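Inspection log for the structure reproduced underneath, given as structure tokens.
Note that this is a predicted model, so its numbers are computed, not measured.
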Amino acid sequence: VLSHNLCTVLNVPHDPVALEEHFRDDDEGPVSNQGYMPYLNKFILEKVQGNFDKVEFNRMCWTLCAKKNLSKSPLLISDEDAFKVWVIFNFLSEDKYPLIIVPEEIEYLLKKITEAMGAGWQQEQFDHYKIALNTSREGLSAWELIELIGSGQFSKGMDRQTVSMAINEVFNELILDVLKQGYMLKKGHKRKNWMERWFVLKPNIISYYVSEDLKDKKGDIILDGNCCVEALPDKDGKKCLFLIKCLDKTFEISASDKKKKQEWIQAIQSTVSLLRAGSPPPHKEARQKRKELRQKLLAEQEELERQMKELQAANENKQKELETVRKQLEAAAARAAEEEKKRLQTQVELQDRFSLELEREKMVRQKMEEQVAQKSSELEQYLQRVRELEEMYKQLQEALEDEKQARQDEETVRKLQARLLEEETAKRAELEKWHLQQQQTIQMTEAEKQELENQRMMKEQALQVAMEQLKQLELERKEALEQYEEVKKKLETAANNTKSWKDKVAHHEGLIRLIEPGSKNPHLITNWGPAAFTEAELEERQRSWKGKKATSE
């Protein structure tokens, strides 16, 4: 039944044999093994030519899914209005599954409905709603959008009929491509009588009906790039006339007033201009521009996030390098402290050793002095003996008979004196040797002390260089942090610019701009409506523009 209905709505011939053949191995219970989607794609959707009623197709899809997904809570809109909101959602949603409508498109739709109701747009209220929405998810589903509009949160003070008419107007504009519609008088081609008709302007056709219920269609005016519209003077008691010229026919139409006449002329001229340029309808082109703008902003935001990540990675690397250098400096400082401790310990040991050596030298010197004193005493004794020997010699002289014995004694004393002198010379040489050894020891101690002092100075210089490198790395880290803050500010500025651009785009992207009555003086007509200045003002602006261009060149 589903396949037959789909083929009927899409104007595709139904092939029961292909259906039976596709599901021949799946006769037990519901469709499960092969699934229905392959059959739908191959035997139905691939055969669609595009010549089907999209509204009827949407209505069938709505019938299949509404009962299961539509909220059971009471809404301020009817089921028909909910269907139209569902179709509008399918038009404005993103091109990825599951379908959602982003906050920018929600704002655009709510603004269109609010303008159609003739109420003022509450931007602050929507900003609070948008903030709450962005913190939880990216957008709304179709059923959440229906519940949002049906809850009356953004249409407070409006009755159900006003909201329904606004939804219907937006539906006609976005889905049915209705650019303008309304009652006007049309002159017949055969009977030349004037009849009131309900005219509906679409991107390539103007259809006219007996009434606005669109049940009795009377004809079409096919538009192309060769068509044109001209204002006509009042005649035969008819006012606000204008003429639509096509290749095969011309149509005389009378509007209800001058404002309606000007609006219809402007709308038809804009439609013909779009046909000549081959551009899509305004609301589709605006939707594509909004989508491109979102993609561009998303790409810029991703680029900023990538740059932020790179800066954060660089900052982390700098932090790691600084931490490594800090650890190296701490290790170097610890080594320097350890070496200083060793140096002080060595110095103390050398001082102790030097003190011991000095004490030892003092003891040796004291012993030498005692020996010298002893030798001096022995020398005094020797001299005393010499004196005694002289006296003895005198006595020997006096006593000739003892002369021989005296000479022998004298010779013995001389030998003893020579031996004592030799011993004294040896002792003096030994003392001089000890004195030289003491001086060499003192010189060696001074050299070791000077070498330790030089090593301490070199280590202090290395520590000073390391501290300067640490300061330089700290400056580089501060510069990296400043660059990070600048990029963060640029990101905030880009976000603010994004918000302002969204507001500007939402404010300026109306599909039909109502034409207000102008002044009674002659003025210019453009493809976008009556100009806001006269010919004299236009010439003045052209001269000013040329002057600025010449100045800049």
Side-chain angles (χ1 to χ4, degrees), residues 53-59 62 76-88 91 109 112-119 149 155 158-189 191 193-223 227 229 238-244 246 249 251-272 281-283 510-516:
D53 190 343
K54 294 183 180 179
V55 176
E56 290 299 324
F57 176 73
N58 284 324
R59 196 172 296 278
W62 167 261
L76 299 178
I77 58 176
S78 63
D79 290 343
E80 180 65 19
D81 294 333
F83 162 69
K84 292 178 180 179
V85 173
W86 180 77
V87 176
I88 294 172
F91 173 71
L109 175 59
K112 296 289 291 183
I113 295 176
T114 304
E115 291 173 359
M117 291 188 298
I149 297 176
S155 60
M158 298 293 175
D159 56 9
R160 296 170 62 95
Q161 185 177 1
T162 304
V163 177
S164 178
M165 292 175 63
I167 293 174
N168 184 62
E169 182 178 338
V170 176
F171 177 80
N172 290 336
E173 181 180 335
L174 298 183
I175 306 303
L176 302 182
D177 293 335
V178 175
L179 303 179
K180 190 168 181 59
Q181 57 185 351
Y183 280 109
M184 291 188 295
L185 296 175
K186 173 185 171 295
K187 185 178 181 180
H189 288 87
R191 299 169 62 180
N193 58 338
W194 291 87
M195 297 295 293
E196 187 179 45
R197 296 287 183 254
W198 177 262
F199 285 83
V200 177
L201 173 62
K202 292 188 178 181
N204 59 353
I205 192 172
I206 301 176
S207 301
Y208 48 94
Y209 303 82
V210 174
S211 62
E212 56 185 298
D213 59 6
L214 307 181
K215 292 182 179 180
D216 189 3
K217 186 176 182 180
K218 303 303 291 184
D220 294 319
I221 303 174
I222 306 300
L223 300 178
C227 295
V229 58
K238 299 298 180 183
K239 297 181 179 181
C240 304
L241 297 174
F242 62 92
L243 181 68
I244 301 176
C246 297
K249 287 183 181 180
F251 300 86
E252 291 186 31
I253 300 173
S254 173
S256 59
D257 53 36
K258 291 183 179 180
K259 179 182 177 182
K260 295 291 184 183
K261 169 187 174 181
Q262 190 61 41
E263 289 177 357
W264 273 99
I265 290 175
Q266 180 61 38
I268 296 172
Q269 284 179 343
S270 300
T271 303
V272 173
H283 61 276
L511 299 180
I512 297 177
R513 181 179 299 168
L514 297 180
I515 303 174
E516 301 294 334

Exercise for the section: Evaluate the side-chain proximity of F199 to I253: yes if any heavy-atom separation is below 4.5 Å, no if none is. Expected result: yes
Exercise for the section: Drop me the distance from R197's CZ to M184's CE, to the nearest 0.5 angstrom. Expected result: 12.5 Å
What donor-acceptor contacts under 3.5 angstrom involve side-chain atoms of residues 160-168, with partners at least two apart or in another chain?
from, atom 1, to, atom 2, distance (Å)
R160, NH1, L75, O, 3.2
T162, OG1, D159, OD1, 2.3
S164, OG, D81, OD1, 3.1
S164, OG, D81, OD2, 3.0
N168, OD1, K84, NZ, 2.4

Handout entry: Note, N58 side chain near W62 side chain (heavy atom, < 4.5 Å)
Key = no
Problem - Short side-chain to backbone donor-acceptor contact, T271 and P203, under 3.5 Å - result: no
Practice task
Take W264 and L201 through the test side chain to side chain contact (heavy atoms under 4.5 Å, CB included) and record every step on the way to the result.
Solution key: CA-CA 9 Å; W264 273 99; L201 173 62; 3.9 Å; yes
Practice task
Taking atom NZ of K187 as the centre, report whether more than 12 heavy atoms of other residues, nucleotides or ligands fall under 6.0 Å from it.
Solution key: yes
Fill in the blank from the handout: With sequence neighbours left out, the residues meeting ring pair (Phe, Tyr, Trp, His ring centres under 6.0 Å) with W194 are none
Exercise for the section: With sequence neighbours excluded, tell me which residues meet salt bridge (Lys or Arg N to Asp or Glu O under 4.0 Å) with K54. Expected result: none
Problem - Contacts of C227 that satisfy side chain to side chain contact (heavy atoms under 4.5 Å, CB included) - sequence neighbours left out - result: L223, D224, C246, V272
Exercise for the section: Measure the shortest side-chain to side-chain distance between K259 and E263 over non-hydrogen atoms and say whether it is less than 4.5 angstrom. Expected result: yes
Exercise for the section: Compare every heavy atom of A267 with every heavy atom of K180, then report the nearest pair and how far apart it is. Expected result: CD-CB, 4.0 Å
Practice task
Might you confirm whether atom NZ of K238 has over 12 heavy atoms from other residues, nucleotides or ligands at distances under 6.0 Å?
Solution key: yes
Exercise for the section: Report the residues that fulfil side chain to side chain contact (heavy atoms under 4.5 Å, CB included) with K202, sequence neighbours left out, ordered by chain and then residue number. Expected result: V178, V200, I205
Fill in the blank from the handout: The side-chain hydrogen bond (donor to acceptor under 3.5 Å, both in side chains) partners of R59 (sequence neighbours excluded) come to E80
Practice task
Could I get the full list of ring pair (Phe, Tyr, Trp, His ring centres under 6.0 Å) partners for F171, not counting sequence neighbours?
Solution key: none
Problem - Residues E173, K112: salt bridge by 4.0 Å N-O rule - result: yes
Exercise for the section: Examine distances only and state if a side-chain atom of K261 and a backbone atom of L241 form a donor-acceptor pair shorter than 3.5 Å. Expected result: yes
Please table the atom pairs, donor to acceptor, closer than 3.5 Å between any side-chain atom in residues 206-216 and protein atoms at least two apart or in another chain.
from, atom 1, to, atom 2, distance (Å)
S207, OG, D220, OD1, 2.7
S211, OG, D213, OD1, 2.5
S211, OG, D213, OD2, 3.3
D213, OD1, K215, N, 3.3

Practice task
Quick one: pull up CD1 in I268 and CD1 in I265 and give me the separation to the nearest 0.5 Å.
Solution key: 7.5 Å
Practice task
Under the side chain to side chain contact (heavy atoms under 4.5 Å, CB included) rule, collect the residues that match up with D79, sequence neighbours excluded.
Solution key: L70
